[in-house]
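Worksheet for the structure shown next.
To find a chain, count down the sequence lines: A is the first, B the second, and so on, and within it residues start at 1. Only this structure's heavy atoms are used, side chains among them; waters, hydrogens and symmetry mates stay out.
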Amino acid sequence: VRKLSEFSYDPFSPEAMADPYPAYRVLREEHPFYRLPEYGAWAVSRFADVHEILSDQEGRYTTTEKNVPLGRWELVVGNGGTPPPPQLEPLPMFSFLASPEHEQIRSLAVPPLRPRSAASLEPFVRELVGARLDELLGQGEFDLTRDYGAIVSAGVMCRVWGLPPERAARVRDLINLAGGRPDGEQSMDGAEASAELIGMLAEVVAERRAAGADGELPGVDRLIKAEVDGRPLSDEEVATQVFAIVFGGTETVPKVVAHGLMELWRHPDQLAAVRAGDLAENSRVAFEEMLRFCAPAQWFMRTATADTVVSGQEIARGDRLILLLASANRDEREFEAPERFRWDRPIERHLAFGHGGLFCIGVHVARLEGRILVEEFLRRAPAYEIDLARAERPASSFQLGYAAMPVAVG
Amino acid sequence: MKIKVDFTLCEANGSCVVEAPELFDLDENEELVVLDWEPGPEQREEAQAAARSCPRRAIQIEE
């Protein structure tokens with residue numbers, strides 16, 4: 001066993017932000033609960049432990065300190081052993097709330113994302129994907145993340161949340177900026193980009209309110225009509241809830257698809273196998289492995305609300321838990337040869353959508369988009385070459401994904 | 001054996017319906033319906049699989 005002094009891990013170190021996977025291997029093997037004293041935190045890296053913590057049904061963990069700290073400056077400030085109560089006015093994104101407001105907001109917003117509602121989007125998604133490919137395949141070279149997946153995922157979010165379809169490219173750009181990845185053409189910072197998108201969504205909310213919020217745009221209308229903590233929500237507060245969903249719904253799927261298509265490209269035997277059978281079904285299966293292997297979200301945080309014990313490790317009230325989902329999805333104890341991409345591996349469960357109270361609210365829409373993006377690309381592109389030298393995976397403590405994945409289609 | 005569902009957590013993802021279609025269903029409004037609140041011991045495995053599969057941890061099985 002390596003001595004503790006020879007190994008160190010900090011989710012905000014340049015090494016971890018560029019490539020955390022070698023550190024995850026050591027963490028899983030030797031330090032499944034790795035203490036980060038400066039942050040009052042434990043980094044949790046094994047699948048079973050992360051799953052057990054996310055499975056809690058007793059309220060032992062909260063996200064009122066945020067589930068995604070933006071930087072180390074947010075963690076060097078301690079909580080004195082007591083997680084703070086949720087902020088309720090103005091109401092922040094629901095991911096930072098606690099019971100009962102957290103569940104209330106989710107149940108108000110979820111109807112357009114439920115399984116059958118998501119499935120009803122399939123013709124729309126196929127048409128959107130087809131139209132994108134008509135244009136992009138004509139160009140010969142394009143970017144899988146930016147030009148293909150992100151325009152589709154942003155377009156679907158526009159459709160579900162009432163934004164005009166021609167805003168999709170702007171939504172994509174604002175989300176990229178809000179996620180801290182300026183693309184060089186913009187001078188805006190993340191906070192300004194978030195404010196612009198929330199402003200766009202607040203216009204939709206104001207229009208729906210003026211029109212009576214009769215249920216035609218279910219998620220938005222229900223949030224408008226609700227009372228939360230004994231009062232109705234402002235346009236900005238409703239827009240902030242929708243923003244959280246639009247953010248998650250735009251940012252992630254394109255990176256998973258782009259990375260996944262790159263993995264198929266660099267494993268020609270696997271690409272041939274996917275193409276050989278029922279392409280629709282194989283794309284569905286392959287997208288699940290893409291989620292496990294390529295999902296860019298590295299970790300989410302919880303704060304313990306009580307003293308507890310997980311796998312023999314004592315956790316004190318107020319301790320922060322850095323739950324390394326990207327490590328859990330590569331845990332040798334859960335998956336065979338987990339660091340290998342294998343398109344048709346049997347996957348009983350994975351944590352790309354999280355688990356428990358903050359389980360991805362858009363899971364069915366994400367799976368729909370993912371499998372159609374993969375399927376239609378492979379159907380329409382007889383052969384393709386990825387320009388890996390020009391692919392970009394900007395360093396990040398949170399969303400470590402391919403922001404650029406140039407492809408040439410022949 | 002008793003099934004308990006926390007309906008403030010349930011978001012009708014339908015995982016339980018896949019695991020235990022004799023115990024759970026979604027209605028026309030995509031709300032969860034429990035078909036049998038007190039299943040017999042022969043359905044223990046399905047019930048437990050349904051509870052395990054719930055991504056929202058909304059189902060508990062009481063012996």
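- Put simply, CZ on B:Arg56 and CD1 on A:Ile361 are 7.5 Å apart, with the number rounded to the nearest 0.5 Å.
- Shortest non-hydrogen contact noted between A:Pro115 and B:Ala12 is CD-O, 3.1 Å.
- For A:Leu113, no part sits under 4.5 Å from any heavy atom of chain B, backbone or side chain.
- Annotation: the span from A:Glu348 atom CD to B:Ser53 atom OG amounts to 10.5 Å, rounded to 0.5 Å.
- Ion pairing of B:Glu31 with A:Arg114 is present here, as a side-chain N (NZ or NE/NH1/NH2) and a carboxylate O approach within less than 4.0 Å.
- Atoms CZ and NE2, from B:Arg52 and A:His51 in turn, are 9.5 Å apart once rounded to the nearest 0.5 Å.
- In terms of non-hydrogen atom pairs under 4.5 Å with chain B, the most contact-rich of A:His364, A:His355, A:Gln104, A:Arg106 is A:Arg106.
- More than 12 heavy atoms of other residues, nucleotides or ligands lie within 6.0 Å of CD in B:Glu42, so this atom counts as buried by the packing criterion.
- Expressed to the nearest 0.5 Å, how far CZ of A:Arg349 lies from OG of B:Ser15 amounts to 13.5 Å.
- For B:Asp6, no part sits under 4.5 Å from any heavy atom of chain A, backbone or side chain.
- Taking CG of B:Leu9 as the start and CD of A:Glu103 as the end, the distance is 5.5 Å to the nearest 0.5 Å.
- Within 6.0 Å of the CD atom in A:Glu216, the count of heavy atoms belonging to other residues, nucleotides or ligands does not exceed 12.
- With a 6.0 Å radius and a threshold of 12 heavy atoms from other residues, nucleotides or ligands, B:Glu45 has its CD atom at or below the threshold.
- With hydrogens and angles disregarded, a donor-acceptor distance shorter than 3.5 Å links the side chain of B:Glu30 to the backbone of A:Ser117.
- For B:Glu22, the CD atom is loosely surrounded, since the number of other residues' heavy atoms within 6.0 Å does not exceed 12.
- Side-chain atoms of B:Arg57 come within 3.5 Å of backbone atoms of A:Ser55 as a donor-acceptor pair (strictly under, hydrogens ignored).
- In this structure, B:Leu26 CG and A:Arg116 CZ are separated by 6.0 Å, a value rounded to the nearest 0.5 Å.
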